[in-house]
Amino acid sequence: MNVHMEATLAIDAKNTIGEGPLWDAEGERLLWCDNAHGIVQEVRSANNKDWHISRHWALNRYIGGAVPRQNGGIIVVAGIDILALDNNGHITPFAQLDADPKKVRANDVKCDAQGRLWVGTLGNDILTTSGEVIEGQGSLYRIDPDGTITNILNQVTLSNGLDWSPDGTSFYYVDSHTLAVDIFDFNASEGTLHNRRCFKAFAKGEGIPNGLAVDQKGDIWLALMGSSAIHRYSPAGELLEKVWVSTPAVTSCTFGGVHGDKLFITSAGRKLPDVTHHLYGLSQEVVEQSANTPGAGGLFIYQTNVSGPAATPFAG
């Protein structure tokens, strides 16, 4: 196992919660969000080396994620609303989740190979006044190109990373509260999940599973919040590699660039919530110092020895 690989800070964006990176192959750009401030960011490079923020769109509301759209523009999931954002910044409502916006909001989105949009949610307030987690407020939804919305999973606490195996038969999914990555059998034609089981579980203090990406070989690259690292696992669950960043609050990752062999890694620039210490075992030192570490809230890049797929645009 390679354990000393390090990612490079590409853009010191200082995002409060940098999240949801996806590569738009047709647009030759990376899309990612500052979820807390409601900003969708576009990153480009003329030489596949020097990266810069080329545009951004401020929606001024909490964003769960953004994906490219097949017929142009971007689909943004904000709160419980699925919105179409055109290249001029004009927003058109597309659909709405059947959920109470006072109770839940979207968190992490991605399209399957058929161009269907998958959206997970979490509770706006996940803690009681006594500090206990309110479990099971969230769900996982599938939004078809015609706007039909199907509730796929209930009893989700903190929906996070999601992706598919290269052959489209397996679906990886993170409910961060469980400290685990689960795997399902995926029926591609029907867009349904079956046979849920644990792919990888973590002990308290190891880190909190967050966003993930699957490469062309089928290896799973997982952001472990609080660990300062992306972990790479084989489909059998063997730890193959750790990619280190300079800040503990890694949030997600995706493959991109001209050859699909660059791993883009997002991070949070805020102090990690106290609950990450009390409930999930992160050290008090990591929690207290997280916002002041070099590159906190920045976008990192790691040159891999594999490639991964670009984002599938939403077909609606």
Side-chain angles (χ1 to χ4, degrees), residues 1 7 17-22 32 35 64-65 106-110 118-123 126 133 135-140 152-153 155-165 170-184 193 196-215 218-245 247-255 263-268 272-273 275-283 286-287 290 300 302 308:
M1 180 184 71
I17 307 178
E19 262 284 13
L22 290 174
W32 101 99
N35 287 8
N107 190 63
D108 223 337
V109 308
K110 196 171 286 184
W118 292 70
V119 176
T121 59
L122 79 163
I126 65 169
V133 172
E135 298 183 348
Q137 299 182 90
S139 299
L140 178 67
I152 300 294
L153 285 179
Q155 296 300 308
V156 173
T157 300
L158 207 170
S159 189
N160 243 314
L162 63 160
D163 208 352
W164 291 261
S165 61
S170 297
F171 174 74
Y172 295 94
Y173 180 64
V174 172
D175 179 344
S176 293
H177 179 60
T178 67
L179 294 180
V181 180
D182 285 348
I183 183 172
F184 295 77
L193 306 178
R196 183 176 189 170
R197 63 267 190 205
C198 181
F199 170 73
K200 191 72 180 179
F202 298 88
K204 288 186 176 182
E206 286 189 279
I208 304 167
N210 204 313
L212 62 84
V214 180
D215 66 29
D219 293 343
I220 298 90
W221 300 67
L222 173 70
L224 271 181
M225 171 74 79
S227 76
S228 300
I230 301 289
H231 285 201
R232 177 186 183 183
Y233 294 97
S234 73
E238 177 188 4
L239 179 60
L240 302 175
E241 185 174 359
K242 290 183 181 181
V243 179
W244 298 95
V245 298
T247 183
V250 286
T251 55
S252 191
C253 59
T254 198
F255 288 90
L263 188 72
F264 293 89
I265 303 167
T266 52
S267 65
L272 286 169
V275 67
T276 58
H277 168 65
H278 299 307
L279 290 180
Y280 305 123
L282 299 188
S283 74
V286 165
V287 171
S290 55
F300 296 81
Y302 172 64

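Computation of the quantities below employed the complete heavy-atom set of this structure, encompassing side-chain atoms and omitting hydrogens, waters and symmetry-equivalent molecules. All residue numbers in this chain count up from 1 along the given sequence.
- Summarising the geometry of A180 relative to C198, their closest heavy-atom pair is CB-SG, 4.2 Å, with the distance given to 0.1 Å.
- Side-chain contact between Y173 and W118 is absent, with no heavy-atom pair separated by less than 4.5 Å.
- Put simply, the side chain of R196 reaches to within 4.5 Å of the side chain of L153, judged on heavy atoms.
- Between E19 and N160, the shortest heavy-atom contact is OE2-OD1, 3.7 Å.
- In this structure, the side chains of S159 and D175 stay at 4.5 Å or more apart for every pair of heavy atoms.
- Here CZ of R197 is found 5.0 Å from CD1 of I183. Values are rounded to the nearest 0.5 Å.
- The CG atom of L224 lies 10.5 Å from the CG atom of L212; values are rounded to the nearest 0.5 Å.
- Residues I220 and K200 fail the side-chain proximity criterion, which asks for heavy atoms closer than 4.5 Å.
- Proximity of S252 to I265: side-chain heavy atoms (C-beta onward) are nowhere separated by under 4.5 Å.
- The shortest non-hydrogen separation linking A7 to Y302 is CB-CB, 4.0 Å.
- With rounding to the nearest 0.5 Å, the separation of OG1 in T254 from CG in L22 is 5.0 Å.
- Using a distance-only test at 3.5 Å, with no hydrogens or angles considered, a donor-acceptor pair links the side chain of S290 to the main chain of L272.
- Heavy atoms only, all atoms of each residue included: A268 and T251 are closest at N-CG2, 3.8 Å.
- Put simply, the residue from F202, Y172, F199 that forms a side chain to side chain contact (heavy atoms under 4.5 Å, CB included) with L222 is F202.
- A 4.5 Å side-chain heavy-atom check between V286 and T276 finds every atom pair outside the cut-off.
- Using modelled atom types, one finds no donor on one side chain facing an acceptor on the other under 3.5 Å when comparing T121 with S139.
- Expressed to the nearest 0.5 Å, how far CG of L279 lies from CD1 of I208 amounts to 9.0 Å.
- Across V214 and D163, no two heavy atoms sit closer than the pair N-OD2, 2.9 Å.
- Of all non-hydrogen atoms in V174 and N210, the two that sit nearest each other are CG2-O, 3.6 Å.
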